[in-house]
Amino acid sequence: MPWIVGVSGASGTPYAAAVLRALLAAGESVDLVVSRASRLTLLDETGISFRDAHWQQDLREWLARGADGKPDTFDPDVSGVRHWSAGDLAAGPSSGSYPTKGMLIVPASTACVAGVALGLSKDLLQRAASVTLKERRRLVVAVRETPLDGRTLKHLVTLDDAGASVVPASPAFYAGATHIQDLVDFVAGRVLDAAGVRHDLYRRWRGDLGGARPTT
């Protein structure tokens with residue numbers, strides 16, 4: 001069964017790329033939903049146009065890019081990905097009878113958070129998230145926004161009450177980050193931790209103070 005990965009319009013497309021690469025490296029299959037707003041963000045942050053008719057080519061170029069914007073940093077195999085258009089409300093993930101392991105929304109904009117919390121289902125991403133909740137499957141929401149106002153905080157509490165895991169895109173520094181990719185991978189790793197997917201994206205805390213300091 002696949003994991004659904006929904007990419008909303010919040011800034012942070014490198015987080016989504018890191019999650020997708022790690023899922024594929026773990027041998028997981030992925031159903032990908034890229035919202036209309038996220039395509040604008042992807043174009044702005046990477047210069048890549050994500051097109052339905054050429055999604056494999058565009059996805060491969062996106063996943064090959066490092067968090068610093070350098071192309072051909074990675075060599076992704078996207079054969080395990082199935083793409084669904086965000087406007088296709090008849091797609092497989094729109095139905096509870098379509099089997100999945102759960103859904104990861106990364107990054108999650110506040111508009112996306114509100115739509116899922118309120119059950120709006122305005123596009124396939126929101127609909128798939130609503131289905132994931134009603135079927136009691138695992139939903140991980142990697143919200144990326146600051147500051148958070150009261151309305152968004154209430155929406156996040158609603159999602160938590162419904163069984164979702166809310167994972168703010170907040171990188172930590174105890175893992176000894178020396179590159180922007182390390183910070184991105186930490187957040188991606190925490191998203192995968194919440195989903196129960198094994199990975200080696202960051203160094204875990206072992207209880208050794210000063211362990212993240214560079215050696216000289």
Side-chain angles (χ1 to χ4, degrees), residues 1-86 88 91-93 100-109 112 124-125 128-129 140-144 167 169 171 175 177-202:
M1 289 189 293
W3 285 97
I4 304 171
V5 175
V7 186
S8 81
S11 176
T13 54
Y15 292 131
V19 166
L20 286 166
R21 284 193 299 266
L23 284 172
L24 295 172
E28 303 283 353
S29 57
V30 173
D31 279 13
L32 178 63
V33 181
V34 181
S35 76
R36 291 179 61 186
S38 69
R39 298 177 192 223
L40 297 176
T41 306
L42 182 64
L43 179 63
D44 182 58
E45 293 184 346
T46 69
I48 297 171
S49 296
F50 193 90
R51 304 158 294 176
D52 286 342
H54 304 279
W55 70 267
Q56 287 179 308
Q57 172 187 336
D58 298 336
L59 178 62
R60 190 176 296 107
E61 182 182 358
W62 175 22
L63 299 192
R65 191 176 297 262
D68 59 359
K70 183 179 179 181
D72 301 322
T73 300
F74 301 98
D75 184 21
D77 177 5
V78 301
S79 60
V81 179
R82 182 174 185 178
H83 168 256
W84 301 92
S85 173
D88 185 4
T100 72
K101 292 183 177 180
M103 182 173 185
L104 317 176
I105 305 177
V106 54
S109 66
C112 174
L124 180 60
L125 194 159
V140 182
V141 180
V143 61
R144 210 247 41 98
V167 181
T178 59
H179 189 276
I180 187 175
Q181 188 67 55
D182 298 326
L183 298 175
V184 168
D185 285 348
F186 179 88
V187 172
R190 296 300 286 154
V191 170
L192 294 172
D193 286 345
V197 177
R198 291 188 177 185
H199 64 87
D200 58 359
L201 287 176
Y202 69 89

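Of the possible polar contacts, one joining the S38 side chain to the V7 backbone as a donor-acceptor pair under 3.5 Å is found. Distance alone, capped at 3.5 Å, places no donor-acceptor pair between the T13 side chain and the L42 backbone. Checked by atom type and distance alone, the side chain of T41 never pairs as donor or acceptor with a backbone atom of S11 at under 3.5 Å. A side-chain donor-acceptor contact under 3.5 Å links E45 to the backbone of G12.
Screening residues 54-81 for ring pair (Phe, Tyr, Trp, His ring centres under 6.0 Å) gives W55-H83 as the qualifying pairs, with residues at least two apart or on separate chains. Applying the salt bridge (charged side-chain N to carboxylate O under 4.0 Å, His left out) test to pairs two or more places apart or on separate chains, those with a residue in residues 53-65 are R51-D58, E61-R65. The salt bridge (charged side-chain N to carboxylate O under 4.0 Å, His left out) analysis of residues 10-38, with sequence neighbours excluded, yields the pairs E28-K101.
In terms of heavy-atom proximity, T73 sits nearest to G66 at OG1-N, 3.5 Å. The two atoms that bring S35 and G9 nearest to each other are OG-N, 3.7 Å, heavy atoms only. The two residues H199 and L192 have their closest heavy-atom pair at CD2-CB, 3.8 Å. Of all heavy-atom pairs spanning A10 and P107, the tightest one is O-CG, 3.4 Å. Taking every heavy atom of both residues into account, L124 and S85 meet most closely at CD2-O, 3.4 Å. Closest heavy-atom contact between V184 and P14: CG1-O, 3.4 Å.
A heavy-atom distance below 4.5 Å is found between the side chains of L125 and M103. A heavy-atom distance below 4.5 Å is not found between the side chains of P171 and Y202.
In this view, D77 satisfies the salt bridge (Lys or Arg N to Asp or Glu O under 4.0 Å) rule with no residue, not counting sequence neighbours. Under the rule for a salt bridge (Lys or Arg N to Asp or Glu O under 4.0 Å), the partners of R190 that lie at least two apart in sequence or sit in another chain are D193. Residues passing the side chain to side chain donor-acceptor pair (under 3.5 Å) test with R144, sequence neighbours excluded: none.
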Open item on the list: Would L63 and L24 count as a side-chain contact (heavy atoms from CB on, under 4.5 Å) here? Give the steps.
Closed with: CA-CA 11 Å; L63 299 192; L24 295 172; 4.3 Å; yes
Task: V34 and R39: CA distance, side-chain angles, deciding distance, side-chain contact (heavy atoms from CB on, under 4.5 Å) verdict - done: CA-CA 7 Å; V34 181; R39 298 177 192 223; 3.8 Å; yes
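The environment of D200 atom CG is sparse: at most 12 non-hydrogen atoms of other residues, nucleotides or ligands sit within 6.0 angstrom.
Going from atom CD1 of I4 over to atom OG1 of T100 covers 4.0 Å, rounded to the nearest 0.5 Å.
Test F50, W84, W3 against L32 for side chain to side chain contact (heavy atoms under 4.5 Å, CB included) and you get one pass: F50.
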